[in-house]
Amino acid sequence: MPTFRAPRGTRDLLPLERAAFIRLERIGAELANRYGYRPIETPLFEQVGVFERGVGAVTDIVEKELFRLAPRTEDGETWALRPEPTAGIVRAYVQHGMQTLPQPVKLTMTGPMFRYDRPQAGRYREFWQFDIEAIGDPGPAIDAEVIELATRFYREAGVVDPEINLNSIGDAACRPAYIAELAEFYRGQIDRLPALERDRLERSPLRLLDSKDAVMVELNATAPAITDRLCDACAEHFAGVRAHLDALGVGYRLDPHLVRGLDYYTRTAFEIYPRGVAGQQSALGGGGRYDGLVELLGGKPTPGIGFGLGLDRILLALEAQGTPPVSEPGYAAVVVGADPAGTADRLKIATMLRAAGLVARAELGQRKLGKQLESAAKERAHFALIVGDELRDGQVQLKDLEAGTQKLVAVDDLVRELERAQASHHHGSGR
RNA sequence: GUGGCCUUAGCUCAAUGGUAGAGCACUGGAUUGUGGCUCCAGCGGUUGCGGGUUCGACCCCCGUAGGCCACCCCA
């Protein structure tokens, strides 16, 4: 048994899984760049106030899932690991006076987030998110663009047919009245409410809307819908978002019961699920508009919208739909030889190949040639270069491990020979 | 945070309360400069951990840790 292991809810990304993550990170970085989002990196931890004010003090994320770090006596400050990216990015926007830049300021970040949750498949205490934020544009066109970017990420990552769930949750002008009406509605049914929901009714009536309890689902069918209670400005904004999505040909499903778990959202809210999956740990991403957040964190009143997308969840979805994981990169050539004293020669040849940009490995051990070739074949190396007596004439045996053929090649011609083989090989396999 | 199921070699899994095993993987040999197959051998375990019951515990009981499932909630 190992003496130490990865902390609960965390895991090591072994090479195969790490490669899959890198692929997603590249898709995200390239996509964000194409849309004009600039990369940013904020600290993994912030003052707790950033999250308490930014995310909301009464949210589950802050109340029970925040990774708080013990205060240190020298500064007395309380820190917490970031549970989501938006609050930190907005904090940076305010701190660095980004309101003086042309608006909107479009930023992207990919990295680990931390929530002290009870782990389950697809739910970790350390998980990775790709995130974009557009700060300073009141929309609604930017809302549609952000959602369209999200759908494009899934498409390029290979997720089949993700489903966008869309709603508008109003703003300070219309939401309070709606919440009051909703609470009134539930109080009229108080004897039918499960105990858990009665508790939440006083603290966060909106949350009852997306309950999965059978009684609540039935009750919610007749509950007042926010989309019927939006003020004129919010209704007009929401109509604009839908019109732009329609114009872009982005499909979505209206879900008047969709509410987000973070306080800062206003108006547009959306979540993405794999099609037909209502499972609990399956949300692929979500986001929305946060027109009050910049001000909450000490900036001038500034609108914003963004979304975060779970890399772990995407990998899970790809696996569930049967998409094969990324394959291990193979060696273009493995340099082998029977002479125990020949490691320097083998290493020199491998170095020459690497300098030319080829993926190569040299046998540095004392194994017999048969074992060396066995390893090379198992690694799916394309070629083995057998270094031996021929080297006196500046030549090595170039053995094609897939075709089983081999020929003498001058060391000076190796790079050209391997590059040519690689090119035609890729042609042949339709790449 | 609540309830439930699970935990044996690196991986996937066996083993009436009575000597802990197999396949895969890894290393070596058969094969002194020619591979994936085959054959042989080796390496690898305080049966998650800590207690208890018993002449004797992988097996039964309690606790604990971790994983998973459903909640809660979200990515």
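These numbers were taken from a predicted model, which means no experiment stands behind them. In what follows, every chain begins at residue 1, and chains take the letters A, B, ... in the order their sequences are listed.
- A:Leu284 comes within 4.0 angstrom of the backbone, heavy atoms only, and of no base.
- Within the nucleic acid shown, A:Gly9 comes within 4.0 Å of sugar-phosphate atoms alone, with no base atom in reach, counting heavy atoms only.
- In this structure, CG of A:Leu258 is placed 10 Å from P of B:C74, rounded to the nearest angstrom.
- Look at the P atom in both B:A9 and B:G48: the space between them is 8 Å, to the nearest Å.
- B:G45 and B:G10 are spaced 7 Å apart, taking the P atom of each and rounding to whole Å.
- Candidate nucleotides B:A75, B:U34, B:C37 were compared by shortest atom distance to the side chain of A:Lys399, and B:U34 ranks first.
- Residue contacts for A:Gly388: at a heavy-atom cut-off of 4.0 Å it reaches a base atom on one of the strands shown.
- Counting non-hydrogen atoms under 4.0 angstrom, A:Gly404 reaches a base of the nucleic acid.
- B:C58 and B:U2 have their C1' atoms separated by 31 Å, with the value rounded to a whole Å.
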Footprint string (nucleotides 1-7 of chain B, 5' to 3'): B base within contact, S backbone only, - free, heavy atoms under 4.0 Å: BBBB---

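- Using C1' as the reference atom, B:C26 and B:G36 are 16 Å apart when rounded to the nearest Å.
- Shown here for A:Gly286 and A:Ile272, the closest heavy-atom pair between the two residues is N-CD1, 4.4 Å.
- For the P atoms, the distance from B:C60 to B:G17 is 8 Å, rounded to whole Å.
- The side chain of A:Glu271 sits closest to B:A75 out of B:U34, B:G36, B:A75.
- For A:Leu24 and B:A75, the CG to C1' distance is 13 Å, given to the nearest whole Å.
- Note: NZ (A:Lys407) to P (B:G33) measures 25 Å, nearest angstrom.
- Which of B:C68, B:U34, B:C37 sits closest to the side chain of A:Pro119 comes down to B:C68.
- An OP1 or OP2 oxygen of B:A30 is reached within less than 4.0 angstrom by a side-chain nitrogen or oxygen of A:Lys368.
- Projected onto RNA chain B by closest heavy-atom contact, A:Gln129 and A:Ala6 fall at different nucleotides, the more 5' of which corresponds to A:Ala6.
- Across the protein-nucleic acid pair, A:Arg11 atom CZ and B:A75 atom C1' stand 11 Å apart, rounded to whole Å.
- Listed by chain and number, the residues in a side chain to side chain contact (heavy atoms under 4.5 Å, CB included) with A:Asp161 are A:Arg275 (sequence neighbours excluded).
- The residue A:Glu65 sits close only to the backbone: its heavy atoms come under 4.0 Å of sugar-phosphate atoms, none of a base.
- Distances were taken from every side-chain heavy atom of A:Lys371 (C-beta onward) to each of B:G29, B:C68, B:U34; the shortest belongs to B:G29.
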Pair pattern of RNA chain B in dot-bracket, where unpaired bases get dots and | marks partners in another strand, Watson-Crick or G-U under 3.5 angstrom: (((((((..((((....[..)))).(((((.......))))).....(((((..]....))))))))))))....

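- Between A:Glu374 and A:Tyr154, the residue anchored nearer the 5' end of RNA chain B, judged by the nucleotide with its closest heavy atom, is A:Glu374.
- Applying the 4.0 Å criterion to OP1 and OP2 of B:G67, one finds that A:Arg8 has a side-chain N or O inside that range.
- Checked for salt-bridge contact, A:Glu46 and A:Arg82 miss the test: no charged N lies under 4.0 Å from a carboxylate O.
- Side-chain contact annotation: A:Tyr37 with A:Glu133, donor-acceptor N/O pair under 3.5 Å absent.
- Just one residue in the list A:Glu417, A:Gln395, A:Gln397 forms a side chain to side chain donor-acceptor pair (under 3.5 Å) with A:Lys407, and that residue is A:Glu417.
- If you take atom C1' in B:G44 and the same atom in B:U12, they sit 16 Å apart, rounded to whole Å.
- A straight line from CZ of A:Arg367 to C1' of B:G29 spans 14 Å, rounded to a whole angstrom.
- Using modelled atom types, one finds no donor on one side chain facing an acceptor on the other under 3.5 Å when comparing A:Gln47 with A:Thr78.
- Rounded to whole Å, atom C1' of B:C37 lies 15 Å from atom CG of A:Leu401.
- Cation-pi geometry between A:Arg242 and A:Phe238 is met: the NZ or CZ atom falls under 6.0 Å from the ring centre, inside 45° of the normal.
- Side-chain contact between A:Leu353 and A:Leu385 is present, with at least one heavy-atom pair separated by less than 4.5 Å.
- In this structure, the nucleotide among B:G33, B:A75, B:G35 sitting nearest to the side chain of A:Ala338 is B:G33.
- Residue A:Phe4 contributes atom CZ, which lies 15 Å from atom C1' of B:C49 at whole-angstrom precision.
- Residue contacts shown for A:Asp339 are absent, as no nucleic acid heavy atom lies under 4.0 Å away.
- Residue A:Gln366 is classed as having no contact, given no heavy-atom separation below 4.0 Å to the nucleic acid.
- Among the atoms of the strands shown, none is found under 4.0 Å from any heavy atom of A:Gln372.
- No side-chain heavy atom of A:Phe127 sits under 4.5 Å from any side-chain heavy atom of A:Arg313.
- The distance from atom CG of A:Leu385 to atom P of B:U34 is 17 Å, rounded to the nearest whole Å.
- With both ends at atom C1', the span from B:C40 to B:U47 equals 29 Å, rounded to whole Å.
- Spacing of P atoms, B:G42 relative to B:C24, comes out at 15 Å, to the nearest Å.
- For the pair A:Arg361 and A:Tyr331, the cation-pi criterion (under 6.0 Å, within 45° of the ring axis) is fulfilled.
- Here A:Glu184 pairs with A:Arg187 in a salt bridge; the nearest charged N to carboxylate O distance falls below 4.0 Å.
- Heavy atoms from other residues, nucleotides or ligands lying under 6.0 Å from CD of A:Glu319 number 12 at most.
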